[in-house]
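Keep in mind that this is a model prediction, so the values were computed, not measured. To find a chain, count down the sequence lines: A is the first, B the second, and so on, and within it residues start at 1. Below, all heavy atoms of this structure are taken into account, side chains as well, without hydrogens, waters or symmetry copies.
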There are 2 protein chains.
Amino acid sequence: MTTIQESAGRGRPRSERAEKAIVDATLDMIGEGVTVSELSIEAVANRAGVGKTTIYRRWANKEDLVVDSLATLRLPMPEPGGTDVRADLIEFLKVMRSESGELRNRCITNIALNEADRYPDLYRRFRELVIEPRREAFRQVLRRGMATGELRPDLDVEVAMSMLVGAMLFHTKMSGPAYPVPGDLPERLVDEALRGFRAS
Amino acid sequence: MTTIQESAGRGRPRSERAEKAIVDATLDMIGEGVTVSELSIEAVANRAGVGKTTIYRRWANKEDLVVDSLATLRLPMPEPGGTDVRADLIEFLKVMRSESGELRNRCITNIALNEADRYPDLYRRFRELVIEPRREAFRQVLRRGMATGELRPDLDVEVAMSMLVGAMLFHTKMSGPAYPVPGDLPERLVDEALRGFRAS
DNA sequence: AGTTTTCGAAACGCGACCGTTGCGTATCGT
DNA sequence: ACGATACGCAACGGTCGCGTTTCGAAAACT
């Protein structure tokens, strides 16, 4: 937690409503595609209906605010059922697809894809907190499939993962009102990929 | 061309050196990861060793400058040999990989991935000029493979393309000093994908 | 009741960049 | 030579966001 040390509970306590409004405003704007460098404390304060003082009392700078806000995100972590590989992979990609639609969940890709260069510290924390756990879960699905014999024993796990995840990100990133993501894309991707992944 | 109408050749002609320096500075900064919204005319002028006047005399605003600068990019357009699908696909992905390394060529992905939301007009032109021709060339490689019988006749071209291109972008975007792109990634990707793509 | 802390609001001085203008110089056509 | 235009440079007034300070009111504690 990078929040500034709060003082002893002498006087008026800090408003939880204000804090939530600040974090919500921050996440909403990031989800809408506002870059961290474009994100201004003033805009957050206005959007949250809060004085700038109330923000600076809690966070030392913009990056700390963003880090803490992102940490409060409870993002949908796919829980693969484990019955068969195809279902697990499709479930995983479907969660990714839903993330492209909902405002809050767009924070993931927006941060992961846009801020790596400029805010390496933020990116590193986000990578450890959000990205790596998901990549590891994805790898586990593939490895379990290899263990059960569903997938080839010599499958290149990293390559296979990047093919599926990359294709999904490719579509969601390019998507928009003009280029929507097909609803059946996860199935089509997984079925096409599994033709080569499956054990013969 | 969005350049401001130049006057008749009465007085001193405009300096080609200055113009090239401006465009070079613009492209360099975009390649380095500077967002269009972050790109300031002042910074371009300083970097190019040029007065702001010299820029404003040629372009009405920042977006026009960026559009014209990008239009001068003569980017490597893969020319698939057409002998076999595997070689063509690998060639294509290798060009993409080289684009991740060289400064100038990073403009492609930086514009394509980061500016779609905020500069739809710029993105549309860039898409028509750069992205779509490459996608079409990629589709042609796959379609030719289907015609010659190398690939399955029922291959889902769009899905196949997004798997390969998406995986490549996924790696190049995530790449950096800490996470370099493996040199043999194109081969590994294509070989893994072709297992499912090939006709039996 | 009195103390302490937080609240939202407003204003501060600072710096970055905007797009424009004027300056003195340089380089073209006539 | 001379007029026209472009050059780099510096300054303009204006906007925005920074991080800080001050203010009166509100909300907890002793």
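- Checking D/dG8, C/dT20, D/dA28 against every side-chain atom of B/Tyr56, the shortest atom distance belongs to C/dT20.
- Distance from the side chain of A/Glu42 is smallest to D/dG17 among D/dG17, C/dC17, D/dA6.
- The nearest whole Å value for the distance from the CZ atom in B/Arg58 to the P atom in D/dG8 is 8 Å.
- At a cut-off of 3.5 Å, with distance as the only test, a side-chain donor of A/Glu150 or A/Thr148 sits close to an acceptor on the other residue.
- No donor-acceptor contact under 3.5 angstrom links the side chains of A/Thr172 and A/Glu99, judged on distance only.
- For the pair B/Ile55 CD1 and D/dC7 P, the interatomic distance rounds to 11 Å; values are reported in whole Å.
- Looking at A/Ser40, its side chain has no donor and acceptor atom pair within 3.5 Å of the base of D/dC18.
- The CD1 atom of B/Ile41 sits 14 Å away from the C1' atom of C/dT20 (whole-angstrom rounding).
- Between the CZ atom of B/Arg17 and the P atom of C/dT27 there is a distance of 11 Å, given to the nearest Å.
- In the set D/dG17, C/dC18, C/dC7, the nucleotide with an atom closest to the side chain of A/Arg12 is C/dC7.
- Ion pairing between A/Asp88 and A/Arg144 holds under the 4.0 Å rule for side-chain N and carboxylate O.
- Distance from the side chain of B/Lys52 is smallest to C/dG19 among C/dG19, D/dA27, D/dT20.
- In this structure, B/Arg17 places its CZ atom where only 12 or fewer heavy-atom neighbours from other residues, nucleotides or ligands lie under 6.0 Å away.
- Counting to the nearest Å, the C1' atom of D/dC18 and the CG atom of A/Leu39 are 13 Å from each other.
- What separates CG of A/Asn46 from P of C/dA10 is a distance of 10 Å, to the nearest Å.
- Phosphate proximity of D/dC7 to B/Arg57: present, with a side-chain N or O under 4.0 Å from OP1 or OP2.
- For the residue pair B/Thr35/B/Glu115, the side-chain donor-acceptor check at 3.5 Å is not satisfied.
- Considering only side-chain N and O atoms, A/Arg14 lies nowhere under 4.0 angstrom from the phosphate OP1 or OP2 of C/dT4.
- Between A/Asn61 and B/Pro13, it is B/Pro13 whose nearest contact on DNA chain D lies nearer the 5' terminus.
- For C/dG8, one of the phosphate oxygens OP1 or OP2 lies less than 4.0 angstrom from a side-chain nitrogen or oxygen of A/Thr54.
- Of all nucleotides listed (D/dG8, C/dC7, C/dT4), C/dT4 comes nearest to the side chain of A/Arg10.
- As rounded to whole Å, 11 Å separates atom P of C/dC18 from atom CG of B/Leu65.
- For a distance-only test at 3.5 Å, the side chain of A/Ser15 fails to qualify as a donor-acceptor partner of the base of D/dA27.
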